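Here's the structure, in structure tokens; my notes come after.
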Amino acid sequence: MLRTEEMLLNVGPQHPSTHGVFRLVLKIDGEIIKEAKPVIGYLHRGTEKLAENLQYTQIIPYTDRMDYLAAMTNNYILVHAVETMMDLKIPDRAEYLRIITMELGRIASHLVWWGTYLLDIGATSPFLYAFREREMIINMLNEISGGRLTFNYMRVGGVKWDAPEGWVDKVREFVPYMREQLKGYHQLVTGNEIFMNRVKGVGKYTKEDALNYSLSGANLRCTGVKWDLRKDEPYSIYDRFDFDVAVQDGGDAWARYHVRMQEIEESLKILEQAVEQFPAEGDILAKVPKIIKAPKGEAFVRIESPRGEIGCYIASDGKKEPYRMKFRRPSFYNLQILPKLLEGENIANLIAILGAIDIVLGEVDG
């Protein structure tokens, strides 16, 4: 009679497939996972504690490094919290530039996910196509901010620089081009039988599970919960745009795939409207003092990042540095459900399940 015994297996910490320096300690019986323990902290930099000794503008580059695939939204959540405390009115032109750069960043982030997820499960070509389109976005964001990954573009009261001449036209031309490429993505991958069989029914959970684990973004909307802060609690000028909330009800990796692909389409809708409504002139920065001091008190704001709900809490004692700062990082919360999803699963599905969650370890560790 063939006998097996349980074995401990280390997965990571390494970059390929674990999407950062993430370690999983698995207890396996043959090819079946009995228990999975995530080990995080390899990228912990103490951002929130460091912020207590930095002026508000000095903190902005630190937010770039949390979710380094969504630096624009991370910039925004910080300045949005400070502006809320200071009760600032942001110029229209600055708001449009913020929306355009954040939505470009959202598309670029989803393209990285799409390409790397397909690479994880054995498809090489999608990765090359995804990075081709992402490079176009990165070039545009580089042109307006001076950075290619960590942008440091938002400022309390507006943005760092105005759009260069012809930049908005480049965004306008990108929208129909990206729509055309999306059709090719769907022809290549979405209808592919091998891919469908690989992800359908894998990593499935219910709406109740998603809510109990405080999941957000695609990890929540894949269970049929129609919740997007851009729609349900509009911030900035999102209430000026007509777009839909991407939602599916399968609760599996296949549903999460569709939600993110739909999100790209909805971001293109927002970009299309934003460039048409873009003010011909106007200020890009509100009148703010050179040394910014948030008034005494506290504030918590939340927005929709590519990975879900990101929040920023600030407690201020009226000085130029925050007394306390805390970020609600969606990757950290979304990762919580992984041990539950892996228990009883075949080890061959591990990477397909982890990749579908879409974590960035800089944000998990903080």
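Note that the coordinates shown come from a computational prediction; the quantities given were computed from them, not determined experimentally. Positions are given from 1 along the sequence. Only heavy atoms go into these numbers, but all of them, side chains included; no hydrogens, no water, no symmetry mates.
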Is it true that atom OH of Y129 has more than 12 heavy atoms of other residues, nucleotides or ligands lying nearer than 6.0 Å?
no
Any donor and acceptor pair, going by atom type alone, linking the side chain of S109 with main-chain N or O of G105 inside 3.5 Å?
no
Below 4.5 Å, heavy atoms only, C-beta onward: do L361 and Y42 meet side chain to side chain?
no
Considering non-hydrogen atoms only, spot the tightest contact between N219 and N334 and give its length.
ND2-ND2, 3.3 Å
Suppose we screen for salt bridge (charged side-chain N to carboxylate O under 4.0 Å, His left out). Which residues come up paired with K89, at least two apart in sequence or across chains?
none
Name of the residue among K320, M86, Q55 meeting side chain to side chain contact (heavy atoms under 4.5 Å, CB included) with I292
M86
Enter the distance from E133:CD to Y177:OH here, rounded to the nearest 0.5 Å.
3.5 Å
Can you check whether L97 reaches I144 side chain to side chain, under 4.5 Å on heavy atoms?
yes
In chain order, what residues pass the salt bridge (charged side-chain N to carboxylate O under 4.0 Å, His left out) check against D249, with sequence neighbours excluded?
none
Show, in sequence, the C-alpha distance, side-chain angles and deciding distance for R132 and Q181, and conclude whether the side chain to side chain donor-acceptor pair (under 3.5 Å) test is met.
CA-CA 10 Å; R132 179 185 63 188; Q181 300 314 307; 2.9 Å; yes
Electrostatic pair K200-E193, nearest N-O below 4.0 angstrom
no
E35/K37 salt bridge by N-O under 4.0 Å criterion:
yes
Are there more than 12 heavy atoms of other residues, nucleotides or ligands under 6.0 Å from atom NZ of K160?
yes
Please check if atom CD in E31 has more than 12 non-hydrogen atoms from other residues, nucleotides or ligands closer than 6.0 Å.
no
Just how far is it from atom OH of Y235 to atom CZ of R302, taken to the nearest 0.5 Å?
11.0 Å
Please work out which of the three classes, parallel, tilted or perpendicular, describes the rings of Y257 and W113, given edges at 30° and 60°.
tilted
OH (Y323) with more than 12 external heavy atoms under 6.0 Å
no
Salt bridge check: are D92 and R240 linked by an N-O gap of less than 4.0 Å?
yes
With K226, which residues qualify under salt bridge (charged side-chain N to carboxylate O under 4.0 Å, His left out), at least two apart?
none
Honestly curious: do I353 and L26 fall in one hydrophobic cluster under the side-chain, below-4.5 Å linking rule?
yes
Donor-acceptor pair, S216 side chain versus E309 backbone, under 3.5 Å?
yes
Quick check: is I60 connected to L54 through a chain of hydrophobic side chains (ILVMFWY, heavy atoms under 4.5 Å apart)?
yes
salt_bridge(E298, K326) N-O dist < 4.0 Å:
no
For A130 and L111 the tightest heavy-atom approach is CB-O, 3.3 Å
Salt bridge (charged side-chain N to carboxylate O under 4.0 Å, His left out) with R179: which residues, sequence neighbours excluded?
E272
If you apply the rule side chain to side chain contact (heavy atoms under 4.5 Å, CB included), what do you find for I270 with R106, and how did you get there?
CA-CA 11 Å; I270 295 170; R106 192 183 309 275; over 6 Å; no
Please work out which of the three classes, parallel, tilted or perpendicular, describes the rings of F241 and Y238, given edges at 30° and 60°.
perpendicular
Does the pair R172 and E276 meet the rule for a salt bridge (charged side-chain N to carboxylate O under 4.0 Å, His left out), with working shown?
CA-CA 8 Å; R172 183 182 285 109; E276 292 308 319; 3.1 Å; yes
Do D120 and H19 pass the side chain to side chain donor-acceptor pair (under 3.5 Å) test, and can you show the C-alpha distance, the side-chain angles, and the key distance before you say yes or no?
CA-CA 10 Å; D120 284 348; H19 297 255; 2.6 Å; yes
For the pair F22 and L43, evaluate side chain to side chain contact (heavy atoms under 4.5 Å, CB included) and give the outcome as yes or no after the intermediate values.
CA-CA 9 Å; F22 177 56; L43 207 54; over 6 Å; no
Salt-bridge criterion met for D283 and R93 (N-O under 4.0 Å):
no
In terms of hydrophobic clustering (I, L, V, M, F, W, Y; side-chain heavy atoms under 4.5 Å; direct or indirect links), are L69 and M261 co-clustered?
no
To the nearest 0.5 Å, how far apart are CD in E52 and CD1 in I59?
9.5 Å
Contacts of type side-chain hydrogen bond (donor to acceptor under 3.5 Å, both in side chains), residue R230, not counting sequence neighbours
E103, D228
Test N152 against N75 for side chain to side chain donor-acceptor pair (under 3.5 Å), laying out the working first.
CA-CA 7 Å; N152 184 22; N75 283 180; 5.6 Å; no
Just say parallel, tilted or perpendicular for the rings of W114 and Y185, cut-offs at 30° and 60°.
parallel
So R98 and V79, do their side chains get closer than 4.5 Å, heavy atoms only?
yes
Answer yes or no: are there more than 12 heavy-atom neighbours, outside Y62 itself, under 6.0 Å from its atom OH?
no
Any idea which heavy atoms bring L354 and T18 closest together, and the distance?
CD2-CA, 3.8 Å
Cluster question for you: counting only ILVMFWY and a side-chain heavy-atom cut-off of under 4.5 Å, with indirect links fine, are V225 and Y205 together?
no
Using a strict cut-off of less than 4.0 Å between a Lys/Arg side-chain nitrogen and an Asp/Glu carboxylate oxygen, indicate whether K269 and D244 qualify as a salt bridge.
yes
Nearest 0.5 Å, what's the CE-CD1 distance between M154 and I90?
11.0 Å
Give a yes or no answer on whether the side chain of Q273 reaches the backbone of D242 with a donor-acceptor pair at less than 3.5 Å.
yes
Is it true that K183 and E180 have a side-chain N and a carboxylate O under 4.0 angstrom from each other?
yes
Answer yes if Y117 and F131 sit in the same cluster of Ile, Leu, Val, Met, Phe, Trp and Tyr residues linked by side chain heavy atoms under 4.5 Å apart, and no otherwise.
no
Can you check whether L215 reaches I337 side chain to side chain, under 4.5 Å on heavy atoms?
yes
Answer yes or no: is there a side-chain heavy-atom contact under 4.5 Å between L342 and N349?
no
Got a sec, which residues hit ring pair (Phe, Tyr, Trp, His ring centres under 6.0 Å) with F174, two or more places apart in sequence or on another chain?
none
Distance (rounded to the nearest 0.5 Å) between T73 OG1 and I310 CD1:
6.0 Å
To the nearest 0.5 Å, what is the distance between CZ (R307) and CD (E363)?
6.5 Å
